Every structure is written in structure tokens, then in C-alpha cells.
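Report on one structure; see the data block that follows.
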Amino acid sequence: MSELITAELVDLDLSAETKDAAARSLAERMAAAGRVTDLEGFLSDVAAREAQMPTGLDGGIGIPHCRSAHVTEPTLAFGRSAAGIDFGAPDGPADLIFLIAAPAGGDADHLSILSSLARQLMDEAFTGALRTATEPGRAAALIRGEEPGAEPPAAPAAPAEAAATAATAAAEAEAEAEAGPRRDADGVATPESAPEPAPEPALDPAPVPDPAPAFRLVAVTSCPTGIAHTYMAAEALEKAARAAGVELTVETQGSAGFRRLDPELIAAADGVIFAHDVEVRDRERFAGKPAVDVGVKAGINRPAELIAEVREKAARAATGAPETGAPARPAAPMDNGAEAADGYATRLRKWLMTGVSYVVPFVAAGGLMIALAFAIGGYTINKAPSVADHFLWGEPASWAALLFQVGGVAFGFLVPVLAGFIAYGMADRPGLVPGFVGGAIALTVNAGFLGGLIAGLLAGAVVRAILRVGVPPVLRGIMPVVVIPLLSSAVVGFLMFLVVGKPVAALQKALTDWLSGLSGANAIILGVILGLMMCCDLGGPLNKVAYAFAVGGLANPNAGSLKVMAAVMAAGMVPPLAMALATTVRGRLFTKAERENGKAAWVLGASFITEGAIPFAAADPLRVIPSAMAGGAVTGALSMAFGCTLRAPHGGVFVVPLIGQPLLYLTAVAAGTAVSTGLVVLLKGLRTPSPDAPRAAAVPAAAAEAAPVR
């Protein structure tokens, strides 16, 4: 096994200006060393990890990292940027960039080395040595721990301990000064000895109070790849705990595996800190403990605040006082990392997106099976008898009926899953039961997709309200498995059946009837609106709302809902296709990295993956996003005007045979793509410098005059 990092993997003069360019520059060094087999595939994995959460850290550090099948062995490349590169850290650009690459089946030994590096990044002496290193070989040796300054220093004494030690030393010095110089047996003064103190009158000794027991915490840290943030959060929490005089034991659930905390430690702990971006494994072990639940970056950036917060919660629990602050944040993947200061609208969006993210696989599986069933068996396949009673192995119609009926079952989960995971996003696992129950009731009363949204929000709100009620410690263990599911399901069931279910069902019916009657100008206006929503944030909340609206109509399809689905997918294909075409016809207007992204955008756009345009929008939002919206609006309007329909919820050009009016549909996509391409080329052409041209460096006047004229 070769070394984790060598001098060839170090660039002390990294000239990249963006995080994508920095990752590419360092990855090229890995590829040249034979440690990355497919450069573009590896960079795609890095970008996918970066999309989950920014990898910038306070202190000028960027740590892009991923596990990838294109990596032959665990590898680290290091770059130092003079200008700094934005990796999304709160305190500004990063000048120290570590690209960490682990193979998909990386061995535990090397992953342990990577975790040690992550902990070292929390040490200022280590990062300071890297900032002053003048040779790549020395920087590599520092990172490997072979040079002085590479190992983190011993932990500083806690402030309370330091103060106590100083006070004791001062008291001893004062007593010694008052007693005078010490003398030996001959009466010679010595600094080492002191006269015996005079005997004191016998008194009853005062009782010495027992020292207060130390506050004990346990913590769990984890991140999606389990390579860097997991261990950095653990190191930060441990340092903050030592400073606060708190006993803390951390369980790091990383790629190198994890060792479960001793059950006795958990039982004795006064509180728990969860700093994670993936679900905590075996979370039930911590049931009933006062807990703070945050994203892993909060564990890195503000560990002292988290310790103070869990101490406050533990103090309230000890006195039986109810929680007065915001409840612990849920562990849903899309909700981790939300700050407590987020506004209600921001949190509502994240809760809804949590539900939508879990619905999408059901949509893809069920919708595509139903679409294939119609393609094989025709549009009367929905009237086929149950395949459990009638199935002929040699008849295509039987296979089409099987696909249709399995797809229908998958679609039947859409509303309960949506409601259940909206509640999960709001209240963690206790929200699942009332959420699913509320979603199922929404189907029962014909409240449909809107009913599922409301049921999920109601379930989450009810559970959060129950969690605010103070309960005796002896009952905390049964709250999440007995009391909360029972009470919340009863309340949500009552509300859905008797209060909100029927009004929402009436609204759902009115909306369905309106979609069925769409024609002429009304249909075109709706197409424009949907096109704008699909392209304004390129896979963000508004895009997902439009997509969810279209998919909800497929549960009970009619002519109007099928037109909506067609318009939404057509508009969503436009941004990446337009960027791909623009980089082809006017490549000089784009950077080298953007031209490479343009090649992939052809496939992404054709597959209805709107997010393929995000790299372009991130680099130049004021030109790219308006251009994409204009093209999406044109495509949505034309699709509705042409009367195109679609029964599949996804697939792009690969489901064209399932589209009504396919040629006109492709014409609408092409028209919107042409509009977006023309606008982005026009807007980018108005700026004078070429993106690939090097930035002019500020040169002193004397140097400029001395430079030769060429």
C-alpha cells in the first residue's frame, strides 16, 4: 500500500478560483499518480457529495471528499490557495484545501488515518505549519505526521482547573511568605523547609462536602461519507467538553466502522448530543435522555453552545420543568443542518421537501411501471382482471396487467408516505405513525394529495406539542413507542375524519374538475406558470412543488392532469439542454470546466434532470436563471397549447413513446431550448473579458515600467 499523500499530490500554489476547479486540479494529480481511474466519474462523486452539504469549515479550510468506485486506494491531495476559494464556510474562503478520496470498499486502517487527519485540522498549530511550508515534500510529511508540528498539542487545562490551580499556588506562596524563611536543624535558613506550625486547639472537624458529580455526556457524530466531518465534530466536542469540565464520550459512526458506546456509559449520561447528517444507528439506545439534535457542521462550528444547551435541557428535566425552547431538530436527511434561527417559512419548506424526497422513489417505481403497462397493453389495461386470479405466462397483456397493478399498489403509497415523512421531518420518528395514519385517512375521505400535505403537517404539529409536555423520568422510555403514537394518532384521526377531511376533499375535487376542463388561454397560462416554477430554482423548492403538483394528478389521471405532467417534464428538460447547446455553439463564453459540464448536461437534460444546469447557474445566476425561466415558460405554454399528455412521471426523451402528440412535444422542448440558449449567449456576450483569460494581477508601477515591451 503506497503512502496516503506524497509530494506529487501537493500544490502549494493552487491557482483555481472555484471549488469545482480546485477539485479538478487536485483530482488530476491523483489521476496522474494512478490513484483515480476515471477522472470525470470521480469528480461527479465529489460534486454529488458537495451538493449534500458544503465542505468549507471555519478557519480557512475546505475538505471536499467522497467515497468512489473510481478510487484505487485511499488518497489525499493538498492545495494551498493564495486568493482563497469559497467552499461555503461561514467565515469566508478557504486557503487550505484537502481533497480526500476513499475507495468504495476502503480498508479500515487507511480510513482511520483519514479520521486522524480530520481531527488534526482542528489544531491551529498543524494548520499554521501547513500555511508556512515552503516545500511540497515537507507539507506531505506534516500531513503524514512525520514532521514536527504535525501532531496536535496536548489538550489545554480546562479554565476552571487552571483557575483553581493558580489560586492554590497563590495561597501557598502567601502562607510561605508570612511564615518566614525555612531553616534546617542548625538554624540555617533553607527554602525547602519550614517550621512546624503551632498546635491548634482541638476542634471538631467541619464536615467536608462531597464534590459535585461531574456532568456526563455522550455524543454521536456522523456525516454522509463518514470520512472527515464525523471525526472533526468529535474532536471539537471533546475539546469543548474539556474546557467546560464535562465528561464526554463520543461514538463516531464513520466509514471505518464504529464501536457502540458502553450501555453503562449511556445509562449514566446526563444528556446526549447528536451531530449527524445521516440517521443515527441504534438511536433507541438513547431514548429518554435530554438531547440536542443538530447537523454535523454545528458540532464543528459551535460545540460549546451545544454542550450548554444540553446542560440546560438536563437541568429542566431534573426539576420536572417542561421544555420551553424549540424541540430538538429532527433527523430527517433534508432537515439536518437547519439552524434554530431559521424562520417558519424556511422550516416549512424543509419539512415539505422531506416528504417529497421520500415520495420520489415511489413515484418513479409506480409511475414508470404504469407507463410501461400502457405501452405494452394499451390504454384499456386498467380494466384487466386481477393477475392473482387470471395470469397467462405467454400473453403480453398479462404482463402488462401485472405491471399496471404493481404500479398501482406503489402509487397507493404516495399520499401516506408523503404525510408520514412530512411528520418525520417535523418531529423525527414519533411523527411517522400519526403521519401515515393521517395520509391513509386522506385517501379514505378522497382528500388526495392536498389531504396528505395537511395530514403530515397536522401529525408533526401534534407530536411536537406532546413533546413539549413535561413527564416524569420514569415515563420517558415509553413515550416514543406507546404514549406518543397512541395520542397523536387519535388526535390526527379525529381531525382528518371530522374537521378538515371533507373540506379538503371538496377542494381536491374542484381542482381535479378544473384541470379536466383546461383549454385555450387558461391552459397556456398554467403552462407558463409551471414552466417558470420548474426553471427558477433548478431542482429547488419551487421546482419540487410544481413536480409534486403534476405527480399528484397522476394518482387519478384525467386529460387535464396528463397535460400538466407533460408540461412540467418538458419545461424541466430545458435548462440543462440549453446550457449544453450554449457551450457547444459559443464555447468561448464559458470556462473550461463549464464546457466539460456542458457535455454531461446533454444526457442530464434528455433524462429530465433539471439539476444538470446548477453548475452554470451557480457561476453566473443573473444571466443563466432568467434565460432558463424564459425558455421553460415557452416550452410549458407550447406543450399545453399542443395538448401533449404524459402518463409517466419521469424519463425525459426515453418515454417519448408514452407521450401524446410526441412530435409536437419535442418541438416544444426544442423551442424552449433555443430561446434559453439565445438569451444566455446574448447576455454572456455583453461582458468583455473571456472567462478563460487570466485575471490581471496588480503590478507596482515601477515593475510595470521595467517590464519589456513585446
Side-chain angles (χ1 to χ4, degrees), residues 53-59 61 89-91 115 118-119 121-123 155-156 158-160 214-224 226 228-254 258 261 265-266 268-281 283 285-318 321 323-333 335-342 347 350 427-428 467-468:
M53 183 180 67
T55 53
L57 302 172
D58 287 343
I61 297 172
D91 65 342
S115 70
R119 288 177 178 267
L121 292 177
M122 306 305 295
D123 174 37
F215 189 78
R216 291 184 286 261
L217 289 176
V218 291
V220 177
T221 62
S222 66
C223 67
H229 288 82
T230 298
Y231 303 99
M232 296 178 77
E235 182 73 10
L237 287 168
E238 288 169 356
K239 285 186 176 181
R242 287 194 294 267
V246 171
E247 294 181 8
L248 174 70
T249 307
V250 183
E251 180 181 292
T252 52
Q253 297 186 353
F258 75 101
L261 290 168
L265 274 176
I266 298 175
D270 298 297
V272 187
I273 296 175
F274 297 113
H276 64 115
D277 285 324
V278 294
E279 186 66 28
V280 173
R281 284 172 269 189
R283 190 184 180 110
R285 296 173 289 161
F286 308 96
K289 296 286 183 183
V292 171
D293 196 335
V294 296
V296 69
K297 289 194 74 174
I300 298 172
N301 295 333
R302 48 188 187 91
E305 294 179 28
L306 303 183
I307 291 173
E309 185 178 346
V310 77
R311 293 190 78 158
E312 182 182 351
K313 288 192 172 187
R316 286 200 298 267
E323 295 288 345
T324 57
R329 285 188 281 123
D335 212 25
N336 289 326
E339 297 298 329
D342 283 346
R347 286 181 286 143
K350 292 181 178 180
D428 201 358
L467 289 172
R468 290 178 180 272

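Computed from a prediction, not measured in an experiment: that's the story for all the values here.
- No side-chain donor-acceptor contact under 3.5 Å links Lys313 to the backbone of Gly271.
- To the nearest 0.5 Å, atom OG1 of residue Thr230 and atom CD of residue Glu251 are 11.5 Å apart.
- When every heavy atom of Val250 is checked against every heavy atom of Ala234, the shortest pair comes out as CG1-CB, 3.6 Å.
- Among all heavy-atom pairs drawn from Leu237 and Leu248, the shortest one is O-CD2, 3.3 Å.
- Glu305 pairs by the side chain to side chain contact (heavy atoms under 4.5 Å, CB included) definition with Arg302, not counting sequence neighbours.
- Remark: Ala275 pairs with Thr221, Val294 by the side chain to side chain contact (heavy atoms under 4.5 Å, CB included) rule, at least two apart or across chains.
- Atom CD of Glu235 is separated from atom OG1 of Thr252 by 11.5 Å, given to the nearest 0.5 angstrom.
- The heavy-atom pair separating Gly56 from Ala89 by the smallest distance is C-CB, 3.6 Å.
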Evaluate side chain to side chain contact (heavy atoms under 4.5 Å, CB included) for Arg283 paired with Asp428, printing each intermediate quantity in order.
CA-CA 11 Å; Arg283 190 184 180 110; Asp428 201 358; 3.2 Å; yes

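- Take Ile266 and apply the side chain to side chain contact (heavy atoms under 4.5 Å, CB included) test, not counting sequence neighbours, and it matches Leu261, Arg285, Phe286.
- Residues Val246 and Arg311 are in side-chain contact: their nearest non-hydrogen atoms beyond the backbone lie under 4.5 Å apart.
- Rounding to the nearest 0.5 angstrom, the gap separating the CG atom in Leu306 from the CD1 atom in Ile273 is 5.5 Å.
- Nearest heavy-atom pair across Ser222 and Gln253 is CB-O, 3.6 Å.
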